[in-house]
Protein chains: 2
Amino acid sequence: MTSPADAADPTAPTSPMTGPGPDPATGPNPMTDSRPDPLDTALRLVRAQTAVVKRFDSSLSGLHGVSLSDFTLLLHLAQAPGGRMRRVDLAEALGLTASGVTRGLAPLERIGLVTREAAARDARVAYAALTPTGRERLAEMLHTARQVAAEHFAPEQWSAEGLTQLSALLTRLGGTAPEHRHIPRP
Amino acid sequence: MTSPADAADPTAPTSPMTGPGPDPATGPNPMTDSRPDPLDTALRLVRAQTAVVKRFDSSLSGLHGVSLSDFTLLLHLAQAPGGRMRRVDLAEALGLTASGVTRGLAPLERIGLVTREAAARDARVAYAALTPTGRERLAEMLHTARQVAAEHFAPEQWSAEGLTQLSALLTRLGGTAPEHRHIPRP
DNA sequence: GCCACCTCCTTGACTGCTCAAGTATATGCA
DNA sequence: TGCATATACTTGAGCAGTCAAGGAGGTGGC
């Protein structure tokens with residue numbers, strides 16, 4: 001009754017998901033063997049982001065009813081001149097399409113954190129602008145986000161140098177971020 | 001007819017999205033001023049991932065009709081013993097929920113890249129297993145993915161050391177990746 | 001043997017996003 | 001001035017994922 005296929009059925013995790021694994025000195029690696037695998041790095045980036053986002057989403061949604069992407073959107077508005085941006089610019093900053101921005105703004109407009117403003121010189125344009133309420137709420141979210149980030153990159157595990165390196169490397173990969181240190185505490 | 005608000009309406013991008021910006025020596029930074037901002041780094045990670053995923057999705061969908069997440073799922077199966085994994089293990093490896101895995105597997109099962117296998121010792125378990133076709137297609141996808149990754153981390157811009165550092169830092173952030181160098185070329 | 005509790009997986013409902021199509025408006029050249 | 005082309009935005013449809021609920025099955029203590 002025990003087929004050979006199930007002889008290996010451990011019910012334990014079947015995915016030893018560790019680092020580089022056995023180094024195949026004669027493997028089909030198209031790169032020089034002394035160079036780290038770029039695909040491996042890319043996949044790690046994606047997986048790391050999933051873990052990080054999950055953590056921020058959990059805290060921000062619980063305390064503020066918003067997701068990390070909501071928060072990031074608001075943060076971009078806060079650092080823009082006049083607290084407002086054209087939607088097309090917001091899309092580029094966030095790495096979304098225009099319709100993605102429209103969809104993302106809808107709930108924020110509904111709860112009064114963001115409002116729509118027309119542009120006097122271009123009738124096609126609709127600005128997304130932070131409301132005073134939006135600013136207040138954002139300051140509170142920012143406080144939480146800073147805490148989560150601080151825990152994530154705890155000084156006992158992350159040196160200033162390591163953090164600096166990571167930040168620089170991510171920037172080189174297209175990792176832009178809105179300036180937010182001018183935003184006062186709630 | 002020109003309101004003061006629109007005097008600043010440049011129609012040009014209103015989001016100077018550059019690096020660290022002006023260093024606020026007396027800013028409300030809760031960290032020590034000599035330490036990079038962890039929140040900044042986290043936001044850069046998320047944004048960098050968006051850019052990277054976009055690029056992989058574009059190439060993989062155009063040439064192979066799959067997304068990066070499809071590809072990653074298949075890759076995990078390929079490096080598992082017997083080319084199969086329990087769905088709950090796959091969910092953990094990918095950072096998804098169980099239902100996310102169910103949804104992700106559906107189209108792959110439909111096109112014959114993945115099949116379902118029962119476990120002899122546990123009736124609750126349904127394995128996700130690579131089909132022979134799935135293996136062949138995966139090898140082709142892998143070829144493309146390696147190329148995209150190689151372009152993304154071009155040696156002229158990325159030293160082996162920089163890549164090694166990034167890989168290590170991402171690993172520390174929870175960035176796991178399936179071993180794939182044992183998979184032969186198509 | 002019984003049962004409380006846990007595990008695995010699926011499904012309905014919903015959210016967040018892209019693509020494609022469409023409308024309104026702006027731009028530049030003949 | 002007229003018009004081809006481009007830009008900004010929205011909306012319908014569809015995909016990818018989460019949450020909650022539920023059904024089936026497994027485990028361990030009494």
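In what follows, every chain begins at residue 1, and chains take the letters A, B, ... in the order their sequences are listed.
The salt bridge (charged side-chain N to carboxylate O under 4.0 Å, His left out) test with B/R87 singles out one residue from B/E117, B/E92, B/E109, and that residue is B/E109.
No salt bridge links B/K54 with B/D57; every basic N to acidic carboxylate O contact stays at or beyond 4.0 Å.
If you measure from atom CG of A/D57 to atom P of C/dT15, you get 15 Å, rounded to the nearest angstrom. The CG-P distance, from A/D89 to D/dA8, rounds to 8 Å in whole Å. Atom CZ of B/F56 and atom C1' of C/dT18 are 20 Å apart (whole Å). Here the P atom of nucleotide D/dA8 and the CE atom of A/M85 are 13 Å apart, to the nearest Å.
Between the side chains of B/S69 and B/S67, at least one donor N or O lies within less than 3.5 Å of an accepting N or O. Under 3.5 Å, the side chains of B/R44 and A/T171 contain a donor-acceptor pair of N or O atoms. Side-chain contact of A/H64 with A/D70: a donor-acceptor pair under 3.5 Å is absent, judged by distance alone.
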Under a 4.0 Å heavy-atom criterion, the protein footprint on nucleotides 10-22 of chain D, written with B, S and -, is BBBB---SBB---
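In this structure the side chain of B/L75 reaches within 4.5 angstrom of the side chain of A/L43, judged on heavy atoms.
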Listing time: all N or O pairs from protein to nucleotides 25-27 of chain C that are below 3.5 Å?
residue: C/dA26; atom: OP1; partner: A/A123; partner atom: N; Å: 3.1
residue: C/dA26; atom: O4'; partner: A/R124; partner atom: NH1; Å: 3.4

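In this structure a side-chain-to-backbone donor-acceptor pair under 3.5 Å is missing from A/R86 to A/A128.
Legend: ring-ring contact (aromatic ring centres under 6.0 Å, His included) pairs involving residues 136-156 of chain B, not counting sequence neighbours, sorted by first then second residue: B/F153-B/W158.
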